[in-house]
Undergrad: 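I have a structure here, written as structure tokens, and I will follow up with some questions on it.
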Amino acid sequence: MAANESSVSNENTRKDFIRTIIDEDNASGKYDGRVHTRFPPEPNGYLHIGHAKSICLNFGIAQDYGGLCNLRFDDTNPTKEDVEYVESIQEDIRWLGFDWEERLYYASDYFEQMYEYAVQLIKKGKAFVCDLSAEEMREYRGSLTEPGRNSPYRDRSVEESLDLFERMRAGEFADGARTLRARIDMTSPNMHLRDPIIYRILHQSHHNTGDKWCIYPMYDFAHGIEDSIEGITHSICTLEFEDNRPLYDWFLDELGVYHPQQIEFARLNLNYTVMSKRKFIKLVQDGHVRGWDDPRMVTLSGIRRRGYTSSSIRKFAERVGVAKNNSVIDMALLEHTIRDELNETAPRVMAVLRPLKVIIDNYPEGKVEDFEVQNFPHDKTRNEVRTVPFTREIFIEASDFMEEPPRKFFRLAPGKEVRLMGAYYIICQEVVKDEDGNVVELHCSYDPESRGGASPDGRKVRGTLHWVSAAHSLPVEVRLYDKLFLVENPNKAPEGEDFTVHLNPDSLEVLTGCMVEPGLADAALEDRFQFIRHGYFCLDSGDSKAGTLVFNRTVSLRDTWAKMKK
RNA sequence: AGGGGCGUGGUGCAAUGGCAGCACACCGGACUUUGAAUCCGUUAAUCUUGGUUCGAAUCCAGGCGCCCCUGCCA
């Protein structure tokens, strides 16, 4: 077992800087060998693939070290939070394959304790009630280069602050009338240390505590306490909280309580997409996408609906790595990861997306042959087969025929021979067009000797086409997705414009009247297929129904022919 | 301008004083009943200047560049 583990690929054994810190802590006995992380989302929106990186990191570390990872909702701001999100977040994390067991916590569970801690700080002379308005406070704060000035209420007596804070809790004051502030240093070059607010007044009912509270703790005060109460060892967060760390430490030190360590890493960025709640909302509200779970969105619900598997997302998070560099991951890596998995797991089927009828004149009318074809033809060790019916009239992909083919086009053209995968060789004899000159039908002849797709004379036929029997094929809808934005970084918009100017107008292509193998009628929601020569597809969880199937393209196959044409 | 971070091929991540490596992307070839997959190969990087050292991506000093910080958001 240990030998097996040590022999896994470099990719898995390489340690990121956080695991290196944990190794050192374990070696020094800093936390008695305990490893306890947490994933602390605020329930104010849907999770996206950037969160997945953090989830995989936190839960993954717990798994690797035989430790624990809590799920904790950081619900300290009732004006933005909702139970709708606490549910979707749990669903997404479970889908990703992680389990917090009985350790589902809420920051709001600790409100009473936090209040007590705040009182302690006041008694210690480390916090005071401030009557400055928001605007005044901003003026007093100074700027990045100018020191701030002390609040006139800073030297208020402990007794008065205690009394005022109690009355804040009792609801005697209006929103914004007063705050509780830490007494640190208004001249600190670190803005977070300029007497930051600990509690604000918010007469707002909370999804968890209802109307019990009208004062709510701020993130910096609350987060460390939450970590401390839960016995977290390594509190992992993103880079922008680096400046907050001295404050995280200050609160815990002043309170004299158990003190986890905060470690920051770089959040995930992906090119050709956006990754912020605000921008997702705009995309949904302005109708650029069909909802939070639109398969073009990088929300976890969108990605899931698109057909990405949770194992591929976990693999992706692993390949992306963990570091402190601001980085932008190429969407191609995400696509590679899902292709890589589906190539191994998705059975192949034939689906004609843009049908062109082919009539095989010398094939007997009414005859039906059932051909047995491999589900995993690239893998000789797997002998799983299915049968597909073959008849005189079939559909092929319209783009697989060209009347005047360029060089190196080895598909069908007048007088040219191709192989129908698993069936026969055919030669195009006649092209039928409508009055506008569009090709509407092909007449071909077949070689009975080539049954199964090979001929006794061993002649080479380079082109191999997928096909479906016209009489047996199943009509379905297919949705093809492309990148949502045309540029690598949609966040950079020209003056006076926003990121939506970069939207790809062709990010969704809906194809109706696609013809697929009849066996697909039994497809289940969790099934994944490779539509041969097209890509990987799954049923759309939102719109597909028995009888009117809708398939989503998760990702296309690599297409070097398309590249050559450019 | 103050503070906090970060600089390794095109993009990411390793190398923790000792041969700069892996993945994706790219390009080329082989094979192919998927123009897929697979296999083989090519190209390509230590921000800069100085110092320490037998030896520096790594240590030291200066410079440059990028990111974050002035919510009663998290």
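Here is the naming used below: chain letters follow the sequence lines, and residue numbers restart at 1 for every chain. Because the structure is predicted, anything quoted here is derived from the model rather than measured.
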Undergrad: P atom, A57(B) versus G21(B): distance in rounded Å?
TA: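 Going atom to atom, P in each nucleotide, I get 13 Å.
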Undergrad: Quick one: label R339(A) by what it contacts on the DNA or RNA (base, sugar-phosphate, nothing), any heavy atom closer than 4.0 Å.
TA: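 Contact class for R339(A): none.
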Undergrad: H336(A) has an atom NE2; how far is it from atom P of A36(B), in whole Å?
TA: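 Atom-to-atom, H336(A) to A36(B), this comes out as 15 Å.
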Undergrad: Taking for each residue the nucleotide of RNA chain B with the nearest heavy atom, is it L557(A) or G422(A) whose nucleotide lies nearer the 5' end?
TA: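 The residue mapped nearer the 5' terminus is G422(A).
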Undergrad: Over all strands shown, is R194(A) touching base, sugar-phosphate only, or nothing at heavy-atom distances under 4.0 angstrom?
TA: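 The residue R194(A) makes no contact with any strand.
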Undergrad: Measure the acute angle between the ring planes of F499(A) and F485(A), then classify it against the limits of 30° and 60° as parallel, tilted or perpendicular.
TA: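 Taking F485(A) first and then F499(A), their aromatic rings sit tilted (interplane angle of 30° to 60°).
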Undergrad: Going through the distances and angles, do D370(A) and T387(A) end up as a side-chain hydrogen bond (donor to acceptor under 3.5 Å, both in side chains)?
TA: CA-CA 6 Å; D370(A) 282 324; T387(A) 52; 5.1 Å; no
Undergrad: Within this structure, what is the CE-to-P distance between M421(A) and A36(B), rounded to whole angstrom?
TA: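 After rounding, the gap between these two atoms is 12 Å.
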Undergrad: Can you measure from CG (L465(A)) to CZ (R533(A)) and round to the nearest 0.5 angstrom?
TA: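 So the CG of L465(A) and the CZ of R533(A) are separated by 5.5 Å.
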Undergrad: Heavy-atom distance under 4.5 Å between the side chains of L180(A) and C130(A), does that happen here?
TA: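 The answer is no; the side chains never approach within 4.5 Å.
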Undergrad: Once you round it to whole Å, what is the distance between P of G4(B) and CG of L247(A)?
TA: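 So the two atoms are 16 Å apart, to the nearest Å.
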Undergrad: Going by the glycosidic torsion and a 90 degree boundary from 0, is the base of G71(B) oriented syn or anti?
TA: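 G71(B): syn glycosidic orientation.
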Undergrad: Indicate whether the side chain of S327(A) and that of N325(A) have a donor and an acceptor atom separated by less than 3.5 Å.
TA: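 Side-chain D/A pair, S327(A) to N325(A): absent.
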Undergrad: Ignoring hydrogens and angles, tell me if any N or O in the side chain of T337(A) forms a donor-acceptor pair with the backbone of S312(A) under 3.5 Å.
TA: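 Looks like no, no N/O pair under 3.5 Å.
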Undergrad: Base contacts versus sugar-phosphate-only contacts with protein, heavy atoms under 4.0 Å: please encode nucleotides 68-74 of chain B as B, S and - from 5' to 3'.
TA: BBBSBSB
Undergrad: Let me know the distance between CG of N271(A) and P of A25(B), rounded to the nearest Å.
TA: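 From N271(A) CG to A25(B) P: 13 Å.
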Undergrad: Sticking with atom C1', work out how far G4(B) lies from C13(B), rounded to a whole angstrom.
TA: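 It comes out at 24 Å once rounded to the nearest Å.
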Undergrad: Summarise how protein sits on nucleotides 8-18 of chain B as a single string, 5' to 3': B when a protein heavy atom is under 4.0 Å from the base, S for sugar-phosphate-only contact, - for no contact.
TA: ---SSSS----
Undergrad: Please work out if Y424(A) contacts a base, only the sugar-phosphate, or nothing of the nucleic acid, heavy-atom cut-off 4.0 Å.
TA: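 Here Y424(A) touches no strand at all.
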Undergrad: Atom CZ of R348(A) and atom C1' of U34(B): how far apart are they, to the nearest Å?
TA: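 Nearest whole value for this atom pair: 8 Å.
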Undergrad: Quick one: list whatever passes side chain to side chain contact (heavy atoms under 4.5 Å, CB included) with T464(A), sequence neighbours left out.
TA: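 Result, side chain to side chain contact (heavy atoms under 4.5 Å, CB included) vs T464(A): R419(A), M421(A).
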Undergrad: What pairs meet the salt bridge (Lys or Arg N to Asp or Glu O under 4.0 Å) rule with one or both residues in residues 37-53 of chain A, with sequence neighbours excluded?
TA: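 Checked against salt bridge (Lys or Arg N to Asp or Glu O under 4.0 Å) - neighbours excluded - the pairs reaching residues 37-53 of chain A are R38(A)-D227(A).
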Undergrad: Map every base of RNA chain B to its dot-bracket character, where paired means a Watson-Crick or G-U wobble contact with both distances under 3.5 Å and | marks a partner outside the strand.
TA: .((((((..((((....[..))))..((((.......)))).....(((((..]....))))))))))).....
Undergrad: Measuring only the C1' atom in each nucleotide, how far is U46(B) from G10(B)? A whole number of Å is fine.
TA: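 Straight-line distance between the two C1' atoms is 16 Å.
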Undergrad: Only counting residues at least two apart or in another chain, list the ones meeting ring pair (Phe, Tyr, Trp, His ring centres under 6.0 Å) with F173(A).
TA: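 Partners of F173(A) by the ring pair (Phe, Tyr, Trp, His ring centres under 6.0 Å) criterion come out as none, since no residue qualifies.
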Undergrad: A423(A) near the nucleic acid: base, sugar-phosphate alone, or nothing, with a heavy-atom cut-off under 4.0 Å?
TA: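 If one applies the 4.0 Å heavy-atom cut-off, A423(A) turns out to touch nothing in the nucleic acid.
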Undergrad: With heavy atoms under 4.0 Å as the rule, sort F410(A) into base, sugar-phosphate or nothing.
TA: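 Since a base atom lies under 4.0 Å of F410(A), the category is base.
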Undergrad: Between atom CD of E344(A) and atom CZ of R382(A), what is the distance when rounded to the nearest 0.5 Å?
TA: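 Here the rounded value is 8.0 Å.
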Undergrad: With rounding to the closest Å, how many angstrom separate the C1' atoms on C59(B) and U53(B)?
TA: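 10 Å, rounded to whole Å.
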Undergrad: May I ask you to evaluate whether T560(A) reaches the phosphate of A36(B), defined as a side-chain N or O under 4.0 Å from OP1 or OP2?
TA: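 Yes, T560(A) has a side-chain N/O under 4.0 Å of OP1/OP2 on A36(B).
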Undergrad: Using atom C1' of each nucleotide, how far apart are A23(B) and G5(B) to the nearest Å?
TA: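 Per the computed distance, 26 Å lies between those C1' atoms.
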Undergrad: In whole Å, what is the span from the NZ atom of K380(A) to the C1' atom of A37(B)?
TA: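 Distance check: K380(A) NZ to A37(B) C1' gives 10 Å.
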Undergrad: Quick check: does any side chain N or O of D131(A) sit under 3.5 Å from a backbone N or O of R178(A), one acting as donor and the other as acceptor?
TA: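 No.
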Undergrad: Does any N or O in the side chain of R156(A) come within less than 3.5 Å of the main-chain N or O of F128(A), such that one atom is a donor and the other an acceptor?
TA: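 A pair under 3.5 Å: no.
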Undergrad: Measure the distance from CZ on R462(A) to P on G35(B) and round it to the nearest whole Å.
TA: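 For the pair R462(A) CZ and G35(B) P, the rounded distance is 9 Å.
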Undergrad: Between G12(B) and C47(B), how far apart are the P atoms? Round to whole Å, please.
TA: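 Comparing P positions in C47(B) and G12(B) gives a spacing of 14 Å.
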Undergrad: With P as the reference atom in both, quote the distance from U32(B) to C26(B) in angstrom, rounded to an integer.
TA: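 Each nucleotide's P atom is 24 Å from the other's.
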Undergrad: Looking for any heavy atom pair under 4.0 Å, which part of the strands does Q530(A) touch: base, sugar-phosphate only, or nothing?
TA: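 It contacts base atoms.
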Undergrad: In whole Å, what separates the P atom of G71(B) from that of C64(B)?
TA: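 Here G71(B) and C64(B) have their P atoms 29 Å from each other.
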Undergrad: Got a second to check how far C237(A)'s SG is from L57(A)'s CG, nearest 0.5 Å?
TA: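 Reported value, rounded in 0.5 Å steps: 11.0 Å.
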Undergrad: Atom CZ of R533(A) and atom C1' of A36(B): how far apart are they, to the nearest Å?
TA: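 So the two atoms are 10 Å apart, to the nearest Å.
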Undergrad: Answer yes or no on whether R553(A) is positioned over the face of Y481(A), meaning its NZ or CZ is under 6.0 Å from the six-membered ring centre and within 45° of the axis.
TA: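 That pair does not qualify as a cation-pi contact.
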Undergrad: Can a donor-acceptor pair under 3.5 Å be found between the side-chain atoms of R558(A) and the base atoms of G35(B)?
TA: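 For R558(A), whose side chain was compared with the base of G35(B), there is no donor-acceptor pair (under 3.5 Å).
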Undergrad: Can you check whether H466(A) has a side-chain N or O nearer than 4.0 Å to OP1 or OP2 of U34(B)?
TA: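 No.
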